[in-house]
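Down below is the structure, laid out as structure tokens.
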Amino acid sequence: MRIGVLTGGGDAPGLNGVIRAVVRSATLTYGWTVIGIFDGFEGLLGKTNTKQLKPWHTRGILPRGGTILGTTNRGNPFAVEVREKGRLAEKDLSETAIRNIRKLRLDAVVVIGGDGSLAIAQRLFQKGVPVIGVPKTIDNDLSETAVTFGFMTAVATATDALDKLHTTAESHHRVVVVEMMGRYAGWIALEAGIAGSADVILIPEIPYDMSRVCRKIADRSKENCCSSIVVVAEGAKPLKGEMAVVERDPSGYAIHFSGAGAAVGEGIRRKTGMDVRVTVLGHLQRGGSPCAADRILATQYGVKAVELVARKKFGHMVSYRPPEITSVPIKKAIRKLKLVDPAGDMVRAAESIGISFGR
Ligand code: F6P
């Protein structure tokens, strides 16, 4: 067998761990050949950009962030941006990609990606390409799996940032607003907010009331706590307002969020008169070495993906259903995003220890 492997969409800590596990298990357990495809689906277009990966190519990459294969979140073969007569247009080049997969003599393609890349994988599968999906995203918003790799590292990075911001906020008696990634889901903000003892956590799933946020901060001042930490997910929105999206794709899906933290910071400053600073964690959450739990999950995901190829379970995605690593049809996983339940145990635990969600 010859199998291809690619990483698509935004990077996440643990990608190299999955690549390593795919290469080692396919080669050492099954005696197959693994072809690395560079820069997501883009590597399957034009002249193709690939390289055979042997176990020694993966030596030392487990603790490394990023992806040795490169990635892009703009490489959709069904809608490739091309310049025609000086104008930008979208072209469906999926047949080229499929032809190239045949030319490369690939018996299967392992797609490591989030909802966007897996949606592309599903469309290729419907056109006859034998694909296997591996769920990746720091946002943890993919359905049908308890957790995506990369998420736990992002939470650890964000928690570490909160620990640092507490000390400077306390010294200056300030309110520090910290914006975190997550798109339409508040998982990173919620979990890092709890782990980093935030006073307020604002997430897209619970639209906030600014006067309640400010009341919480004012109550803390009365108790002699003159500093507060407010965690804001990038997709958080006020009760009567919109998400801070600055760029959308033609279907209306948000590509670029920016400004949620600044809006909350400005609201608090105006209403309370307190000294407020805003920190945007941004891509720090995507970088760096994966934590131990993500390295283990990435390894198990990679091994399972190869096992699914062996069992010809194409069109399936690896899934973690503790304590088992199992699989689900990709189409089921991409149907809807996995969001925080506003009435769920984690939110209720946070509220019962005094954390405000601005509701
Ligand atoms: O989906 C992962 C993610 O990091 C989101 O949390 C964030 O909104 C987005 O990607 C940022 O993407 P880009 O790297 O294109 O700015």
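Remember, it's 1-based here, ligands and their atoms both numbered in the order they're listed.
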Criterion side chain to side chain contact (heavy atoms under 4.5 Å, CB included) on L190 and V347, from CA distance to verdict
CA-CA 8 Å; L190 174 62; V347 171; 4.2 Å; yes
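Looking only at protein heavy atoms, the nearest one to atom 6 (O) of ligand 1 is D139 OD1, 2.7 Å. Nearest non-hydrogen protein atom to atom 16 (O) of ligand 1 is H283 NE2, 3.1 Å. Atom 7 (C) of ligand 1 has E234 OE2, 3.4 Å as its closest protein atom, hydrogens excluded (heavy atom only). Nearest protein heavy-atom contact of atom 9 (C) of ligand 1 is R183 NH2, 3.7 Å.
Residue contacts with ligand 1 for N73 involve side-chain atoms from C-beta outward but no N, CA, C or O (heavy atoms, distance under 4.0 Å).
Within a 6.0 Å radius of NZ in K216, other residues, nucleotides and ligands contribute more than 12 heavy atoms.
Under a 4.0 Å criterion applied to the non-hydrogen atoms of G182, ligand 1 contributes the atoms 6 (O).
In summary, the side chains of T326 and R321 do not present any donor paired with an acceptor at a separation below 3.5 Å, with no hydrogens or angles considered.
Ring orientation note: the planes of F149 and Y301 are nearly perpendicular, at an angle over 60° on the 30°/60° scale.
Contact check on E144 versus R335 returns no salt bridge, with no Lys/Arg side-chain nitrogen under 4.0 Å from an Asp/Glu carboxylate oxygen.
The shortest distance between side-chain heavy atoms of T153 and R286 does not fall below 4.5 Å.
Looking at R286, K136, M180, Q285 and measuring to atom 11 (C) of ligand 1, the nearest heavy atom belongs to R286.
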